[in-house]
Protein chains: 2
Amino acid sequence: MLSLSEENYLKAIYHLSEQGKTNVSTNLLAEHMGTKAASASDMLKKLSQKELIDYGRYQGANVSESGKKMALQIIRKHRLWEVFLVEKLKFNWNEVHEVAEQLEHIKSPLLIKRLDEFLNFPKKDPHGSPIPDEHGEIKEKPQFPLAEKPPGFEGLVVAVKDPGNHFLEYLDKIGIYLGAKLKIVDRITFDGSSEVIIDNKKTLFLSKEAGANILLSE
Amino acid sequence: MLSLSEENYLKAIYHLSEQGKTNVSTNLLAEHMGTKAASASDMLKKLSQKELIDYGRYQGANVSESGKKMALQIIRKHRLWEVFLVEKLKFNWNEVHEVAEQLEHIKSPLLIKRLDEFLNFPKKDPHGSPIPDEHGEIKEKPQFPLAEKPPGFEGLVVAVKDPGNHFLEYLDKIGIYLGAKLKIVDRITFDGSSEVIIDNKKTLFLSKEAGANILLSE
DNA sequence: TTCAATTTTTAAATGAATCTAAAATTATTA
DNA sequence: TAATAATTTTAGATTCATTTAAAAATTGAA
């Protein structure tokens, strides 16, 4: 059984790996966790001993098969709770993260099984991220950052890459939501920003950064 | 902000006080918590420093006003989660305790406010115990242990005093549930057991111990 | 390709929460 | 009421997650 800290570090390593990073570094991990390199280094040793990560001194870490499975179970719980908070308790999609960070550590397989049933087996969390099944499997359609698609491309807003940093409040404010139909009208060479139309109605200009953080699928 | 341990010890002191015990002793507390007297003694000092209990060396502890308020908030959360588990997630009333022990420590006032709304402001948990309101107020009708009422008394089963030790499974097995109508037919002098009739139908014999653990109201 | 900068690890401390063992206090009973 | 028993506290260790500071390893740049 993993401790709270072990679960959080393991999840962080998994998320950082998913973001392309291979061999997650001690410093990056520490930064992500809001701790110091020494703490991260200790934890890497511990997780390595439990064979949840592949790690060698000075070489960075990658989740092992069993570590990945464990991380995905925590993520599954996190995302199911987020669905619960939004759909049943009327939380806004930008209010759920911290509470779900706590709820994801509750230990009870029956609870998660029943919660999943109660929510009618959702496949996506409120930010559009896929919910792994009880075996850690994720199935989803290919998704592309808006910024990588050319003018003329039309698709649905299916997720945001990183929901942090008040990005969701910003989307709320400008009227972008999950499931919105979005057409790319133009790409501004000057700054990489995009002109888009939402639901065939409203024209918006999105910065390069915003475009990189909004995921579309056809 | 209290730590997990502090919350659990405080709750235990409150519960023991409620059970008549005044000046909760170090040993009793340790036993209740599954720890050793030395640990309980340390914690008493800490809670006393935070003025959540009144405590003097060798004199036992009682919750202070602010400690009581805090304990009741934890109990409120525990019981609301129990209602959720039974009413929404179809848990049996004997399966909820351990999960609620974890859920009660989630820190989010908004979560509890919304959960309370979602459950339609329940007044009792699945074992019939009253749910304190957001100010820590408890309102309920007087309740009596079955064993203290004489033959002839009729009332409703409204709660169990201590849901531990497989008592709930036992009640399920013999057909006693919350809200059942119960009439005391006879008291057996020999062993203090009671002959009762449930819902004007089924006759049962309950041990002295069972009778002390079942609470009735008129 | 060597040496300086950066990153990572190790070592030594700290604060919780726990334990065992011993000392102090209170309670009991002969 | 004085000795013994029981309870409670203190003292000293242990484990976990963290820190700071110093040492070791890696990287990269002149």
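We name chains A, B, ... by the order of the sequence lines, and we start the count at 1 in each one.
Residue Thr26(B) places its side chain closer to dT8(D) than to any other of dT10(C), dT8(D), dT9(C). The Gln59(A) side chain lies nearest to dT26(D) when the options are dT26(D), dA24(C), dT9(C). Closest to the side chain of Tyr9(A), from the set dT10(D), dT18(D), dT10(C), is dT18(D). You'll find that the side chain of Lys36(A) is closest to dT20(D), out of dT20(D), dT26(C), dT8(C). Between dT9(C), dT9(D), dT18(D), one nucleotide has an atom nearer to the side chain of Thr35(A) than all others, and that is dT18(D).
With rounding to whole Å, Met33(A) atom CE is found 15 Å from dT19(D) atom C1'. The interatomic distance linking Leu29(A) (CG) with dT18(D) (P) rounds to 11 Å, in whole Å. Across the protein-nucleic acid pair, Asp42(B) atom CG and dT9(D) atom C1' stand 9 Å apart, rounded to whole Å. To the nearest angstrom, C1' of dC16(D) lies 17 Å from CE of Met1(A). The separation between Leu4(B) atom CG and dG15(C) atom C1' is 16 Å, rounded to whole Å. Taking atom CD of Gln49(A) as the reference point, atom P of dC16(D) lies 11 Å away to the nearest angstrom. If you take CE of Met43(A) and C1' of dT19(D), they are 14 Å apart, rounded to a whole angstrom. Note: NZ (Lys45(A)) to P (dA24(D)) measures 15 Å, nearest angstrom.
Annotation: Phe84(B) is in aromatic contact with Phe84(A) [ring centroid separation under 6.0 Å]. Checked against the 6.0 Å centroid threshold, His127(B) and His97(B) do not count as a close aromatic pair.
Put simply, Ser41(B) has no side-chain N or O that comes within less than 4.0 Å of OP1 or OP2 on dT8(D). Contact between the side-chain N/O atoms of Arg57(B) and the OP1/OP2 oxygens of dT7(D) is not found at any separation under 4.0 Å. In this structure, Ser5(A) reaches the dT18(D) phosphate: one of its side-chain N or O atoms is under 4.0 Å from OP1 or OP2. For Ser25(B), no side-chain nitrogen or oxygen approaches OP1 or OP2 of dT7(D) to under 4.0 Å. The phosphate of dT8(D) has OP1 or OP2 within less than 4.0 Å of a side-chain N or O from Asn27(B). Considering only side-chain N and O atoms, Tyr58(B) lies nowhere under 4.0 angstrom from the phosphate OP1 or OP2 of dT10(D).
Looking only at atom types and distance, the side chain of Asp172(A) has a donor-acceptor partner in the side chain of Trp93(A) under 3.5 Å away. Side-chain polar atoms of Ser193(A) and Asp191(A) form a donor-acceptor pair below 3.5 angstrom.
A cation-pi arrangement is present between Lys88(B) and Phe118(B), with the terminal nitrogen or guanidinium carbon under 6.0 Å from the aromatic centre and inside a 45° cone about the axis.
Annotation: of the two residues near DNA chain D, Ala38(B) and Ala38(A), the 5′-most nearest-nucleotide partner is Ala38(B).
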